[in-house]
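Below: one structure, written as structure tokens.
Order of the sequence lines fixes the chain letters, A, B, ..., with proteins taken first and strands second; residue numbering starts at 1 for each chain. Note that the coordinates shown come from a computational prediction; the quantities given were computed from them, not determined experimentally.
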Amino acid sequence: DQQVKQNSPSLSVQEGRISILNCDYTNSMFDYFLWYKKYPAEGPTFLISISSIKDKNEDGRFTVFLNKSAKHLSLHIVPSQPGDSAVYFCAASAMGGSYIPTFGRGTSLIVHP
Amino acid sequence: SQTIHQWPATLVQPVGSPLSLECTVEGTSNPNLYWYRQAAGRGLQLLFYSVGIGQISSEVPQNLSASRPQDRQFILSSKKLLLSDSGFYLCAWSSGLNQPQHFGDGTRLSIL
């Protein structure tokens with residue numbers, strides 16, 4: 001049973017436009033959410049996180065939105081750049097789970113020049 | 001600054017052979033350490049984590065084991081590899097259980 005779901009395996013966006021990556025979760029105990037970026041043949045790199053006490057966190061071109069009632073979070077990248085092309089993983093954790101994150105299966109983002 | 005080293009980058013092993021993957025972290029002390037596996041088309045599956053020397057928690061029953069002989073060293077082992085052990089193995093560390101994890105570059109393991 002997948003507790004963290006990224007239903008879009010891939011996303012294609014034009015350079016300069018907005019990329020929106022979505023993530024849904026089923027465990028209402030999750031209270032900390034993270035996004036990671038992964039290039040081929042490399043390990044994931046931490047990108048941005050959000051605590052459940054917030055509904056938005058922004059870091060440069062990256063913004064994460066959290067909708068707790070819908071158990072949904074999204075990562076917005078504006079403007080998208082070709083270097084953003086990578087696989088993006090959503091992860092969620094809970095104090096009851098010792099804060100060990102559960103990862104989604106990832107969304108492959110391709111940004112076209 | 002903190003760095004994490006994981007080796008080898010790629011490994012091809014026959015079925016039934018043993019395995020030892022090593023991971024070391026530099027620039028921090030008493031890190032939490034993790035082993036993940038990413039199978040083709042799948043997400044990251046947590047295999048083991050450790051909050052201290054000699055302390056290992058296993059998340060899934062499997063053919064693998066982990067050990068932490070030193071504070072910043074984490075080893076993934078198997079006595080006899082199975083075909084299903086193929087995948088991309090990632091080591092990670094964090095400064096605490098509710099902190100972002102920092103990953104190594106992974107080991108691509110192919111079992112023949």
Hphob cluster co-occupancy, [X] + [Y], side-chain heavy atoms under 4.5 angstrom:
X	Y	value
A:I20	A:V64	no
A:F65	A:I48	no
B:L81	B:I75	no
B:L47	B:I56	yes
B:L21	B:F74	yes

Please look at [X] and chain B and tell me whether the side chain, the backbone, both or neither of the residue comes under 4.5 angstrom of a heavy atom of that chain.
X	answer
A:Y36	side chain
A:A41	backbone
A:P101	both
A:S49	neither

Contact summary for B:L90 and A:P44, nearest pair of heavy atoms: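 The answer is CD1-CD, 3.8 Å.
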
B:G43 versus A:F89, closest heavy-atom pair with distance: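 Closest approach of B:G43 to A:F89: CA-CE2, 4.2 Å.
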
Most contacts with chain A, counted as non-hydrogen pairs under 4.5 angstrom, among B:Q6, B:Q38, B:Q45: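 With the most close heavy-atom pairs to chain A, the winner is B:Q38.
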
Rounded distance [0.5 Å steps], CZ in B:F88 versus NZ in A:K38: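 Rounded to the nearest 0.5 Å, the CZ-NZ separation comes out at 4.5 Å.
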
Residue-level contacts of residues 103-113 of chain A with chain B, using a heavy-atom cutoff under 4.5 Å: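 A:F103, A:G104, A:R105, listed by number.
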
Apart from B:I53 itself, residues in the same hydrophobic cluster as defined by side-chain heavy atoms under 4.5 Å: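 Its cluster mates, by chain and number: none.
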
Residues that B:P14 engages under side chain to side chain contact (heavy atoms under 4.5 Å, CB included), provided they are two or more places apart: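 Side chain to side chain contact (heavy atoms under 4.5 Å, CB included) check on B:P14 returns B:S17.
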
Contact residues of residues 100-112 of chain B (partner chain A; heavy-atom separation under 4.5 angstrom):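 Heavy-atom contacts from residues 100-112 of chain B to chain A are B:P100, B:Q101, B:F103, B:G104, B:D105.
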
Residue A:R17 excluded, over 12 heavy atoms near CZ under 6.0 Å: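 Counting other residues, nucleotides and ligands, CZ of A:R17 stays at 12 neighbours or fewer.
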
